[in-house]
Amino acid sequence: MENQEIARVLWETADLMEIAGEDSFRIRSYRNGATAVEGYPERIADILRDPHRNVTEIPGIGKGLAQVLAEIVERGSCERRDLLLQKFPPTALEFLKIQGLGPKSIALIFQHYRISTIDELERLCQEHKLRVLPRMGAKLEEKVLRSIAQYRQRSGRYLLSYAEGVAAELIEALGQVPGVDAVTPAGSLRRGRETVGDLDLLVTGPSAHAALERFVTYPRVEEVLGRGENKASAKVGREGFQVDVRALAPENFGAALQYFTGSKDHNVAIRTRAVKMGLKLSEYGLVRVEGDIRVAGETEAGVYEALGLPWIPPELRENCGEIEAAAEGRLPELVELQHIRGDLHMHTTETDGRATLDEMAEAARARGYQYIAITDHSKALAMANGLDEKRVVAFARQVREINRNGAPSGLRVFSGIECDILKDGALDLAPDALAELDLVIASVHSHMNMEAAEMTDRLMRALECPHVRILGHPTGRLLLHRDPFPFDFDRVAAEAVRRGVWLEINASPERLDLHGALIRGAKAKGARFAISTDAHHPKQLDYMRYGVVTARRGWLGPDDILNTLAAEPFAAALQSRP
DNA sequence: GCCGTTTTCGGCCCGACTGTTTTCAGTCG
């Protein structure tokens, strides 16, 4: 069993404990344990098996959780979780995803009504049966109904990072089958969409069909939906993520990759173009209608070439002008991961990060970066132990000291802050404290349910502060969880351009904020960008690739992005503000 | 349940908003 799965069982158990009203410190320990397990570099299952090792050497894991971990690895659950699941239906965990309902309310609902599905919860609200319970009223019923609608809209999609993980796992497993040459992901994963509905894997090689057999018997396959000669579909993992695996003949590979990568709209436009040229494009190849002569299909580039087009990067294939641009030879040069020279948004143990400045710097060096900015939270985020002015000044001094002596990692460190934008648009820290820092990111973390006009004013005011250089996760969305807050993006983007403020492309797979369409719109206004991971753990520095993919979906090249600059010009850019 | 030590017990645990209240519990970040 992988660490990720163990962590998931711990998270679930903690959620159930919360509904059961158990001791909050114990719940916290379970959650801490889950985070520790999730981020641990070695497999917990291996450590448990090794008689010379002890899982209690992992910080956050004590005697109690060691026992629990052993149980989970052995049989996928633990006693506490089993007992709680006898008390509450498994769907109780689903109820927690409905905004406005917390553990206490859910427990109360279960005490009064025997319900187990979201549909039944919806009916309770519609029949005004929630308002008879203590501390519940009409407003809550409305809010829950709205949240249920949102929840339904989102279900059935998965984070890009999740889909990528499943893809990597299956590519590894199917790639080991003798006679399989390559396993290639297509679909929205290949286009880098922020959420993915299902996964398409294309298999080539003399024994590609053997991979289908391996797939349907794969241990994590929960339900086989279909199994034919060339295609198998199944639900993978407890989340029920649908994966389609196709075995392809090598001569079809390019056409199939093009076809299954999509998007649908892109393909319709491409096939229309083919028809106009007297060609017919399908997943089996590109054929000249007259005489039924096959002209392309082996490679994707060959298919595009035969249509008079350069190869179009998958991230652009949304039928948003990419075909016209390709035809006119004005496809943009897109940014790549190797262009990125530093990461500009990360947290440390000073606030809610899991590693120290030195550890983050070392991790950044290992990824080949020239510089990083440390940007912990400001004091408004009390729960994260945000920095006040005094700590900011001390931190800026500490960083100057580090750079003077040369950081052990050899990396240049910039002092920064992720400063909260307060309700009225003021920044959370005094200007003279902000002036001490190399980089100020301004972000909204609270009061997200304002009217659009009010939120716009708030952001416009935040941009007035002369120390602000980056607007952090500008729309505040949390994928599959919270919609972006409403505001006039165009006005704010234009103001950011005018004031020389960069817009963040937050690379955390839960945010990817800004997203492609907004990026492109802002670029048209002259905006410039920073891609940052918002890492709270050294491993999360790897999120950069999701940010780069998102920037590519916004048609950005290396010159549009601040942190493609080498250390010296980057430092100079920080100094100069119009 | 973990951790650390003034070493086997006590601390961990903030702050604002919201809705349903008549003084505050629950949610969220």
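Sequence lines set the chain letters: A, B, ... in the order given, protein chains first and strands last, and positions in each chain run from 1.
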(Q) Let me spell it out: for each of A:T56 and A:I98, pick the nucleotide of DNA chain B with the closest heavy atom. Which residue's pick is nearer the 5' end? (A) A:T56

Q: Identify which one of A:R31, A:R26, A:K104, A:R28 satisfies the salt bridge (charged side-chain N to carboxylate O under 4.0 Å, His left out) criterion when paired with A:E18.
A: A:R31

Q: Pick the P atom in B:dT23 and in B:dA16, then give their distance to the nearest Å.
A: 23 Å

Q) Given the P atoms of B:dC28 and B:dT22, what is the spacing between them in whole Å? A) 23 Å

**Q.** From B:dT18, B:dG1, B:dT20, nucleotide with atom closest to A:S29 side chain
**A.** B:dG1

Q) Start at the 5' end of DNA chain B and walk down; is the nucleotide closest to A:A66 or to A:M448 reached first? A) A:A66

Q) In whole Å, what is the span from the CG atom of A:D23 to the P atom of B:dC9? A) 18 Å

Q: Could you tell me whether A:G100 contacts a base, only the sugar-phosphate backbone, or nothing, with contacts defined as non-hydrogen atoms closer than 4.0 Å?
A: sugar-phosphate

Q) Of A:L337, A:N506, A:I561, which is the lone residue that meets side chain to side chain contact (heavy atoms under 4.5 Å, CB included) with A:I531? A) A:I561

Q | B:dG11 versus B:dT5 - spacing of their C1' atoms, nearest Å | A | 12 Å

(Q) What's A:P134 touching, base or sugar-phosphate or nothing? Going by heavy atoms closer than 4.0 Å. (A) nothing

**Q.** Selection from B:dG1, B:dC28, B:dG19 that lies nearest to any side-chain heavy atom of A:Q99
**A.** B:dC28

Q: Considering just the side-chain nitrogens and oxygens of A:R80, establish if one lies under 4.0 Å of OP1 or OP2 belonging to B:dG1.
A: yes

Q.
Please report the distance, rounded to the nearest Å, between CD1 in A:I27 and P in B:dC28.
A. 15 Å

Q: Kindly point out which of B:dG29, B:dC17, B:dC2 is positioned nearest to the side chain of A:L65?
A: B:dC2

(Q) When you measure from the side-chain N and O atoms of A:H447 to the phosphate of B:dC17, is any distance below 4.0 Å, counting only OP1 and OP2? (A) yes

Q: Identify the residue among A:H481, A:E94, A:K97, A:R146 that makes a side-chain hydrogen bond (donor to acceptor under 3.5 Å, both in side chains) with A:Y151.
A: A:E94

Q: Using the C1' atom as the reference point in each nucleotide, state the distance between B:dC12 and B:dC17 in Å, no decimals.
A: 25 Å

Q) Counting only Watson-Crick or G-U wobble pairs whose two distances fall under 3.5 Å, which nucleotide matches B:dT8? A) none

(Q) Under a 3.5 Å distance rule, please check whether A:R553 uses its side chain to pair with a backbone N or O of A:R191 as donor and acceptor. (A) yes

Q: Would you indicate what A:S105 reaches in the nucleic acid, counting non-hydrogen atoms under 4.0 angstrom: base, sugar-phosphate, or nothing?
A: sugar-phosphate

(Q) Rounded to whole Å, please give me the gap between CG in A:D352 and P in B:dC14. (A) 16 Å

**Q.** B:dG15 to B:dT20 separation - P atoms, rounded to the nearest Å
**A.** 26 Å

(Q) Taking A:T456's backbone N and O only, do any of them form a donor-acceptor pair with A:R491's side chain (distance below 3.5 Å, no angle check)? (A) no

Q: Report the distance from atom CZ of A:R131 to atom C1' of B:dT21, rounded to the nearest whole Å.
A: 16 Å

Q. Is there a donor-acceptor pair closer than 3.5 Å between any side-chain N or O of A:H536 and the backbone N or O of A:D534?
A. yes

Q) Are A:R135 and B:dT18 close enough that a side-chain N or O sits under 4.0 Å from OP1 or OP2? A) no

Q. How is A:M136 classified with respect to the nucleic acid when contacts are heavy atoms under 4.0 Å: base, sugar-phosphate, or nothing?
A. sugar-phosphate

Q: Using atom CG of A:L387 as one end and atom C1' of B:dC14 as the other, report the distance to the nearest whole Å.
A: 16 Å

Q) When the distance from NZ of A:K104 to C1' of B:dT27 is rounded to whole Å, what number comes out? A) 10 Å

Q) Is the gap between the ring centers of A:F487 and A:F485 under 6.0 Å? A) yes

(Q) Please classify the nucleic acid contact of A:A138 as base, sugar-phosphate, or nothing, using heavy-atom distances under 4.0 Å. (A) sugar-phosphate

**Q.** Protein-nucleotide distance (A:R31, atom CZ; B:dC2, atom P), rounded to Å
**A.** 16 Å

(Q) So A:L140, base contact, sugar-phosphate only, or nothing? Heavy-atom distance under 4.0 Å. (A) sugar-phosphate

(Q) Using atom P in both nucleotides, what's the gap between B:dG1 and B:dT6 to the nearest angstrom? (A) 26 Å

Q.
Tell me the interatomic distance from A:L108, atom CG, to B:dT27, atom P, rounded to whole angstroms.
A. 9 Å

